Amino acid sequence: MAAPASEIPSLAEGTPAAARQPDWRRVAHLVQLSRALDDIEETRLVPERKVLYQFSARGHELAQILLGLNLTDAHDGIGVYYRSRPLMLSLGVSLEDAAAAPLARSGAFSGGRDIGVVFNRPGNGAATVLPACGGVGTQYTPAAGWAQAIRYRHGTLGDASYARSIAVVLGGDASTATNGFWSALNIATTQQLPLLFYIEDNAFGISVPSTLQTPGGNIAANLRAFSGLTVLDGDGSDPRAAYELTQRAVARVRTERAPLLLRLTVPRLSGHSGQDTQAYKSAETLRAERARDPLARLREFLVPGVMGEGEWLEIAARARHEVEAAVAGALARPAPDPRELTRYVFSEGAGETRELQRQGGIAPEGLGFGPSSLTVRPEATRINMLTAIRRTLDVELALNPRLLVFGEDVGPKGGVHGATLGLQEKYGAARVFDTSLSEEGIIGRAVGMALAGLLPVAEIQFRKYAEPAAEQLNDLGTLRWRTRNRFAAPVVVRMPGGFFKCGDPWHSQTNEVAWVHGVGWQVAVPSNAEDAVGLLRTALRGNDPVIFFEHRAMLDGAWARRPYPGDEFVVPFGKARRVRTGSELTVVTWGAMVERCELAAAHSHVDAEVLDLRTLSPWDREAVLASVMKTHRCLIVHEDTLTAGFGAEVAATLASAAFHSLEAPVERLAMPDIPSPHSPVLLEAAVPDVARITRAIQNLASV
Ligand SMILES: Cc1ncc(C[n+]2csc(CCOP(=O)(O)OP(=O)(O)O)c2C)c(N)n1
Ligand SMILES: [Mg+2]
């Protein structure tokens with residue numbers, strides 16, 4: 001049995017916060033609120049099929065609430081997961097919102113777009129809850145990004161209000177086996193970031209025991225030797241240990257500005273989710289878990305030392321009553337409006353009617369940019385596309401102190417392609433820096449930084465190596481929609497790809513269509529230096545995430561060299577460039593194929609029009625339709641593989657919107673459905689070349 005609260009001496013270890021006891025009445029009330037809400041959902045709303053996806057926090061409440069009550073700094077950032085509702089209540093989210101979200105009603109965290117326990121909360125002068133995801137482990141690297149943003153805003157931008165702010169990330173025992181956990185641990189320890197890892201070890205990941213997630217089942221024991229990390233471990237269902245350890249952990253990260261991992265053991269007193277019967281747990285395990293119920297232990301701890309039995313019962317009854325009222329209020333809320341279904345995929349409105357996200361990126365803080373211009377002011381000499389990219393980054397870094405450039409080898413080396421050469425020297429290692437070799441970490445960190453009001457420009461070394469970041473990229477793209485415009489993460493991801501002299505399956509794929517298919521991403525595919533400047537500047541000054549694809553063959557290609565078009569030059573997204581005017585046939589293309597198509601058109605003796613799409617999301621449907629309605633024939637050429645490549649989208653659009661104008665079938669010329677081959681001979685046979693494009697133009701013109 002725990003020592004009663006009235007007998008608790010001030011805490012050991014002499015931390016300044018140690019003497020402070022929590023407001024136990026408030027703690028008891030919050031635990032009872034959480035328990036009552038789980039109870040009503042489990043016994044009533046799930047059987048009535050009003051809550052379709054229930055995640056009970058039964059057993060996890062006490063320590064989470066004690067943690068949450070410590071997170072009082074305006075710039076604290078918290079990465080939560082689906083079992084974090086008690087913490088949300090302790091942060092002061094409305095009880096009715098907490099009840100309405102699992103009922104998929106309007107309002108609350110996502111307006112019925114996401115599972116009710118996938119939380120978020122814009123900061124508004126209090127701690128921010130970073131938009132959570134359904135994927136286990138996804139919360140870690142954005143929290144590391146938030147921690148790095150705290151350091152940047154304090155140390156580099158000189159904002160003293162960040163001096164004691166911290167990032168906290170919550171996760172279960174099984175989540176410590178994920179890429180995200182290890183990536184964030186490496187980032188936080190190598191960078192010494194103020195990040196608290198709070199691990200709720202209930203010994204199970206659904207049905208899988210924690211011994212299969214980490215050897216011996218105790219992540220804290222295994223991490224004791226990890227350099228640069230303080231580790232604390234204890235019983236999260238013991239009120240005294242839970243309050244001492246949460247307080248000590250938070251205080252230490254606030255003062256030491258360094259990472260700490262706190263593991264607390266807790267019982268999971270319900271199934272993993274509503275559907276789970278826990279048949280995999282023995283009767284003995286279930287009994288032992290029930291004996292550790294933190295609610296019962298809190299009662300033992302507080303009654304009669306801090307309050308009498310009557311007050312304890314009164315708090316429980318009041319909590320039940322408040323939750324019933326909140327559930328009734330939530331049930332009375334309207335269902336979400338289907339007419340709004342497709343809103344907030346991208347930022348909406350412009351000027352006066354602009355509907356800004358409440359948090360994320362620099363726009364909500366009222367920050368703007370220098371003047372932009374559609375007019376090319378060409379310099380005398382031509383530069384290659386690589387220099388164009390570097391120079392644009394340089395100009396925008398100088399203009400915008402919120403902009404950070406990072407990725408593998410982008411620091412002293414200047415990037416393996418050279419795009420960031422000299423930038424670290426000029427802007428310092430806080431703004432232009434090397435990362436650990438974890439693409440999940442690069443993109444997840446970018447998410448957290450953007451949510452904290454920075455403008456991250458992340459480099460993925462080669463397009464193929466974006467794959468370890470697939471989860472973060474996907475979740476970043478959907479973030480605005482999922483939170484119904486409460487949050488957005490305008491991040492620019494630069495990624496080189498495509499063939500260069502030779503190919504291979506690792507460095508040469510384009511597969512740009514994956515990002516077009518992914519929700520919420522804008523995709524730019526410049527073919528030359530001038531467009532690269534204009535499109536990159538538009539990306540950096542926009543309010544949406546952008547994939548900026550840098551074709552390896554064009555970075556130093558002679559054809560792609562153009563005069564630098566000026567420090568204000570922008571190219572709007574969704575506007576194709578007519579590379580060549582013609583009347584007999586339209587060639588639609590982008591990236592490295594633009595050069596080849598232009599040459600092929602010139603050789604073909606066909607009066608072919610060539611359109612460079614320049615961006616694929618959004619893409620210039622109007623320009624393509626207008627051209628094909630004039631020429632009545634269309635050939636689409638791309639380097640990406642044929643099946644379900646972006647050409648299929650263009651062809652389907654023409655079949656639907658230009659059917660009666662077509663005098664021949666829409667044709668596609670693309671790479672066969674194979675990885676990029678290494679041998680130059682094989683590569684030439686795989687990627688559309690000028691001869692084959694010329695033949696395709698001639699064949700289509702003669703149909
Ligand atoms: C990437 C990913 N894989 C699998 C799942 C399915 N899943 C949801 S929760 C869970 C177990 C997580 O357990 P733990 O991290 O210990 O947290 P707990 O639920 O025990 O609090 C699994 C496998 C998921 N959501 N995301
Ligand atoms: Mg678990």
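Read the numbers this way: they start at 1 and go in the same order the structure lists the ligands and their atoms. Computed from a prediction, not measured in an experiment: that's the story for all the values here. FYI, side chains are in, hydrogens and waters are out, and symmetry mates aren't considered; it's all heavy atoms of this structure.
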Next item on the list: Check salt bridge (Lys or Arg N to Asp or Glu O under 4.0 Å) between Glu467 and all other residues, then give those that pass, not counting sequence neighbours.
Entry: Lys464
Next item on the list: Compute the minimum heavy-atom distance from Gly134 to ligand 1 and say whether it is under 4.0 Å.
Entry: yes
Next item on the list: Return yes if a side-chain donor-acceptor contact under 3.5 Å exists between Glu96 and Ser94, otherwise no.
Entry: no
Check: So, for Phe301 and Trp24, is the gap between ring centers shorter than 6.0 Å?
Finding: yes
Margin query: Salt bridge or not between Arg240 and Asp235? Use side-chain N to carboxylate O under 4.0 Å.
Written below: no
Next item on the list: Check for a donor-acceptor pair, side chain of Glu61 on one end and backbone N or O of Gly59 on the other, with a separation under 3.5 Å.
Entry: yes
Notebook entry, point to check: Of the protein's non-hydrogen atoms, which lies at the shortest distance from atom 13 (O) of ligand 1, and what is that distance?
Noted result: Gly205 CA, 3.2 Å
Checklist line | Given Arg268, Arg287, Arg35, Arg299, the one that forms salt bridge (charged side-chain N to carboxylate O under 4.0 Å, His left out) with Asp293 | finding: Arg35
Checklist line | Element-labelled atoms of ligand 1 that are located less than 4.0 Å from some non-hydrogen atom of Ser175 | finding: 15 (O)
Check: What protein N, O or S atoms come within a distance below 2.8 Å of the Mg ion (ligand 2), ordered by chain and number?
Finding: Asp173 OD1, Asn202 OD1, Phe204 O
Check: Which residue and non-hydrogen atom of the protein lie closest to atom 16 (O) of ligand 1, and at what distance in Å?
Finding: Ala174 N, 2.9 Å
Checklist line | Is_contact(atom 20 (O) of ligand 1), protein non-hydrogen, under 4.0 Å | finding: yes
Next item on the list: For the pair Arg113 and Glu340, find out whether any cationic side-chain nitrogen is under 4.0 Å from an anionic carboxylate oxygen.
Entry: no
Check: Which of parallel (below 30°), tilted (30 to 60°) and perpendicular (above 60°) describes Phe204 and Tyr280?
Finding: tilted
Notebook entry, point to check: Backbone N or O of Phe548 within a donor-acceptor pair of the Trp515 side chain at under 3.5 Å?
Noted result: no
Notebook entry, point to check: Can you check whether Arg268 has an N/O within less than 3.5 Å of an N/O in ligand 1?
Noted result: no
Margin query: Quick test of your reading of the structure: of Tyr81, Phe204, Phe181, Tyr82, whose heavy atom lies closest to atom 12 (C) of ligand 1?
Written below: Tyr82
Notebook entry, point to check: Counting each atom of ligand 1 from 1 as listed, which ones have a heavy atom of Gly135 under 4.0 Å away?
Noted result: 26 (N)
Notebook entry, point to check: How does Asn202 reach ligand 1, by side chain, by backbone, by both or by neither, if only non-hydrogen atoms under 4.0 Å count?
Noted result: side chain
Note to self: Under a 3.5 Å distance rule, please check whether Gln148 uses its side chain to pair with a backbone N or O of Met449 as donor and acceptor.
What the structure shows: no
Check: Is Arg83 in contact with ligand 1, taking contact as a heavy-atom separation below 4.0 Å?
Finding: yes
Notebook entry, point to check: Which ligand 1 atoms does Ile206 reach within 4.0 Å, using its non-hydrogen atoms?
Noted result: 7 (N), 10 (C), 11 (C), 22 (C), 23 (C)
Next item on the list: Look at the aromatic rings of Phe55 and Tyr82 and report parallel, tilted or perpendicular, splitting at 30° and 60°.
Entry: tilted
Notebook entry, point to check: Measuring to protein heavy atoms, does anything land under 4.0 Å from atom 10 (C) of ligand 1?
Noted result: yes
Notebook entry, point to check: Are any of the N/O atoms in Val136 less than 3.5 Å from those in ligand 1?
Noted result: yes
Next item on the list: Name the orientation class of the two ring planes belonging to Phe226 and Trp182 (parallel below 30°, tilted from 30 to 60°, perpendicular beyond 60°).
Entry: tilted
